[in-house]
Amino acid sequence: MIELRHINKTYRMGTVDVHALRDVSLTIRQGEFVAIIGASGSGKSTLMHTLGLLDRPESGEYILGGQDVGSLSDDQWALLRNKHIGFVFQQFHLLPRMSALANVTLPLIYGGSRRSHDKARLRLKEVGLQDRESHCPNELSGGQQQRVAIARSLINDPWLLMADEPTGNLDSKSKSEIMGLFKALHSQGKTVILVTHEPEIAAQAGRIITMRDGQIVSDQIQPGNVADPVAVVELEEVKAVDVSIPKDGRSNMQFLDYMRQAIFAMLAHKMRAFLSILGILIGVAAVIAMVAIGLGAQESIKTQLASLGSNLLMVRPGSSHSGGVSLGAGAYTRFTFQDGSAIAKLSDSVSNVCPSVTGHIQLVYGGKNWSSQLEGVGPSYEEVRAAKPVAGRFFTAEEVTSRAKVALLGTTVVKQLFGDDDPVGQTLKINRVNFTVIGVLPSRGASPFRDQDDLVVIPVTTAMYRILGKQYIDSFYVQAIDPNATDQAQQEVQDALAKQHHLTAKEATDAFQVRNMSDIKQAMESSTKTMGMLLGAIAAISLLVGGIGIMNIMLVSVTERTREIGLRKALGANNHDIMTQFLIESVLMSLIGGVAGILVGIGASLLITWLAGWAVKVSLSSILIATAFSALVGLAFGLWPARQASSLNPIEALRYE
Ligand code: ADP
Ligand code: MG
């Protein structure tokens, strides 16, 4: 049934080769009770690991149930361990923080069979622990722990039981109990291979194999020592063992089990899990909030521009470049009221012209100070910029001519200086000059980059001569008659101004710019987009840092759980199982971080709107991207630790201290 032929195994310790097994040949029939005995270091465990498919020998053949196992893959080995072999170790190797029942069901996860508590209870009853099923290993005595381990080894109903010094850590009473169990199992037809260094334990077996220095030095049958199981039960011959890996074995059940394991692992180290989740949370929240701010800015600019109408043109001094040196805006052309009249004369294509000067101002009202933006304009501003006052009135042409000291306020200015009071009719100081408030401008919205409502509008003449001390006009708003003929209007304005300033067409393109709305829209949109992307990129980096945090924790977790990984492999987990388990753990952590991050991100965005008044827009796509990205972070950064875990050799992992 079990046949070893000329097996050799050598360990290299530094420069010395240790021959743990030398040319070992051995046949064990089904139904035997074999004890392997020998001094410490004689190669007993190495032999058992070879027999138990936990370690590959260097040379020699191993025929198990008619199958040459040397040619089988690691996954097939895992399957054989799971289905055909039950292991019992000296150190019990139960998983801590898991009930006896959960420990017993563990091998079922890897066999693709249903996790059956009934079956596990039955096994626990067989070893006399039916009333201890919910106890964790640290609440059980050594003998009880070993009995749980035996119940676990039996759960998949293997025909071969292997025990490496199963009584080594036990008192003499537990020893005889455990030996009693093995004898009972043997009499039920199990093949038992027991490694021990104690002669009185070995003496209870039906066959004693003695080892010394990696070789079998004696092999004795002890007739009559144990009942011959072949006589007791009709043994069903284990024919050629089935090594085909079931395709549908890896089921939802298994996935749920991995989830449970992952949650167990996180609960076992709450603080650690929390901190790595926090890393992802901050990253995702930052991405959501930053993208929301960027999109909000874009959106508010879009609505601002939309209210202007598509037939608006802007005339500005060019930022002239001569020989690559920028002379700054306005260095070339100074606009005057004559320029305005010249544009107004193009009555075929232009319906309105409005001059504009801008500057910074200091406002004082009732002991309150506020610095703001001033725009001096003509009366047509009301129509051209769609600025019909929400309270009060706009100023008239006469007030412009007379340089009247009247002002319209943006909503931010009203809020800052007047609070909830009605500002219309009040007097406030602009740069120490008294002005009468005659109206409130409609709100245009705020963005992180510019508050469009932090604005005071007064007659252009008043602004130039009384407040800012400017002799020239900064720019013109021009309204084309026909929205479909803005190109033509643009050209005509360009030509008229060139003529006015005695410039050639080429000089004129440097001297000033006539831009239509779609040009302006494009310029503003692309600048806010860049800004938004920059914010998003910075946030993404923090997500990356969070991912590295997860990787770090997972690596620690792999090292810490090396023995657990070894045990799982001994119980039949293959590399894929181990890898999946660790990947699920890291993905779960980063997904939890991701979902919490989305909530925090949305909360932060709302808070920003509420506190700063910025328009923010939380987009569904940024939520989806953040979720996907955080899962991906878990996957990508969990992959390396998971591979580390899955590539561990089961025996070395079990030995790990
Ligand atoms: P036993 O179980 O009989 O005490 P082992 O089979 O564990 O002995 O070991 C047999 C020999 O192989 C010993 O000399 C031991 O030092 C050596 N050995 C076992 N495992 C390793 C290992 N992983 N690396 C190096 N040497 C090892
Ligand atoms: Mg040993």
Side-chain angles (χ1 to χ4, degrees), residues 2 4-26 28 33-60 62 74 77 81 85-94 142 145-146 149-150 153 160-170 175 178-179 182 192-205 207-220 559 562-571 644-645 647-657:
I2 293 176
L4 295 182
R5 291 184 197 143
H6 309 294
I7 295 284
N8 282 288
K9 177 81 187 180
T10 314
Y11 291 108
R12 184 168 288 268
M13 297 276 284
T15 54
V16 193
D17 281 347
V18 179
H19 296 280
L21 291 180
R22 301 174 207 239
D23 196 32
V24 171
S25 296
L26 175 66
I28 297 174
F33 190 149
V34 183
I36 301 175
I37 189 164
S40 176
S42 55
K44 308 181 297 289
S45 295
T46 310
L47 179 60
M48 200 203 85
H49 296 155
T50 309
L51 288 170
L53 299 173
L54 288 167
D55 211 1
R56 289 186 188 256
E58 269 144 37
S59 63
Y62 180 6
D74 283 352
W77 274 35
R81 288 196 295 266
I85 309 175
F87 290 99
V88 179
F89 301 94
Q90 181 175 358
Q91 300 90 341
F92 322 135
H93 287 314
L94 299 178
Q145 289 188 49
Q146 194 61 301
I150 291 173
S153 75
L160 181 56
L161 277 183
M162 292 199 181
D164 191 352
E165 308 270 9
T167 56
N169 283 2
L170 301 177
K175 255 181 210 177
I178 297 292
M179 281 313 290
F182 278 118
V192 179
I193 301 176
L194 188 141
V195 167
T196 181
H197 65 273
E198 294 169 275
E200 61 274 21
I201 297 285
Q204 302 176 38
R207 177 179 172 190
I208 302 180
I209 294 173
T210 313
M211 291 197 72
R212 190 182 305 142
D213 295 335
Q215 284 175 311
I216 295 178
V217 291
S218 86
D219 188 346
Q220 295 169 304
T559 321
T562 302
R563 285 222 280 181
E564 178 191 325
I565 294 164
L567 173 75
R568 286 175 185 276
K569 286 199 157 178
L571 296 182
Q644 294 280 94
S647 64
L648 288 172
N649 171 305
I651 274 311
E652 273 162 32
L654 270 176
R655 278 224 190 89
Y656 184 86
E657 290 299 334

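Remember, it's a predicted structure, so these values are computed and weren't measured experimentally. When a ligand or atom number is given, it counts from 1 through the structure's own listing order.
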query = Are Leu160 and Ile28 close enough, and set up right, to give a side chain to side chain contact (heavy atoms under 4.5 Å, CB included), and what steps lead you there?
reply = CA-CA 11 Å; Leu160 181 56; Ile28 297 174; over 6 Å; no
message = Determine whether Ile37 and Ile201 satisfy the following criterion, side chain to side chain contact (heavy atoms under 4.5 Å, CB included), listing intermediate values before the conclusion.
response = CA-CA 9 Å; Ile37 189 164; Ile201 297 285; over 6 Å; no
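If you look at Arg655 next to ligand 1, the close heavy atoms, those under 4.0 Å, all belong to the side chain. The proximity of Glu652 to ligand 1, defined as any non-hydrogen pair under 4.0 Å, does not occur for either the backbone or the side chain. Counting heavy atoms under 4.0 Å from ligand 1, residue Val18 touches it through the side chain alone.
For Asp74 and Arg81, the salt-bridge test fails: no basic side-chain N is under 4.0 Å from an acidic carboxylate O.
Here the side chain of Lys9 pairs no donor or acceptor atom with the backbone of Asp55 at under 3.5 angstrom. Side chain of Asp17 to backbone of Arg12: no donor-acceptor contact under 3.5 angstrom is found.
In terms of protein heavy-atom proximity, atom 7 (O) of ligand 1 is nearest to Ser45 CB, 3.6 Å. Nearest protein heavy-atom neighbour of atom 24 (N) of ligand 1: Tyr11 CD2, 3.6 Å. For atom 13 (C) of ligand 1, the nearest non-hydrogen atom of the protein is Gly41 O, 3.7 Å.
At least one N or O atom of Ser42, backbone or side chain, sits closer than 3.5 Å to an N or O atom of ligand 1.
The aromatic rings of Phe89 and His93 lie perpendicular to each other, with more than 60° between the two planes, well past the 30° mark.
Listed by atom number, the atoms of ligand 1 under 4.0 Å from Ser40 heavy atoms are 4 (O). For ligand 1, the atoms sitting less than 4.0 Å from at least one non-hydrogen atom of Ala20 are 10 (C), 11 (C), 12 (O), numbered in the order shown with element in parentheses. Here is the list of ligand 1 atoms found below 4.0 Å of a heavy atom in Thr46: 5 (P), 6 (O), 9 (O), 10 (C).
For the Mg ion (ligand 2), the set of nearby N, O or S atoms under 2.8 Å includes none belonging to Gln90.
Protein heavy atoms are absent from the space less than 4.0 angstrom from atom 16 (O) of ligand 1.
Of the residues Glu58, Gln215, Met211, the one that meets the side-chain contact (heavy atoms from CB on, under 4.5 Å) test with Leu21 is Met211.
For Arg212, the CZ atom counts as loosely surrounded, since its 6.0 Å shell holds 12 or fewer non-hydrogen atoms of other residues, nucleotides or ligands.
Between Gly43 and ligand 1 there is a heavy-atom distance shorter than 4.0 Å.
Of all heavy-atom pairs between Tyr62 and Leu53, the closest is CE2-CD2, 3.8 Å.
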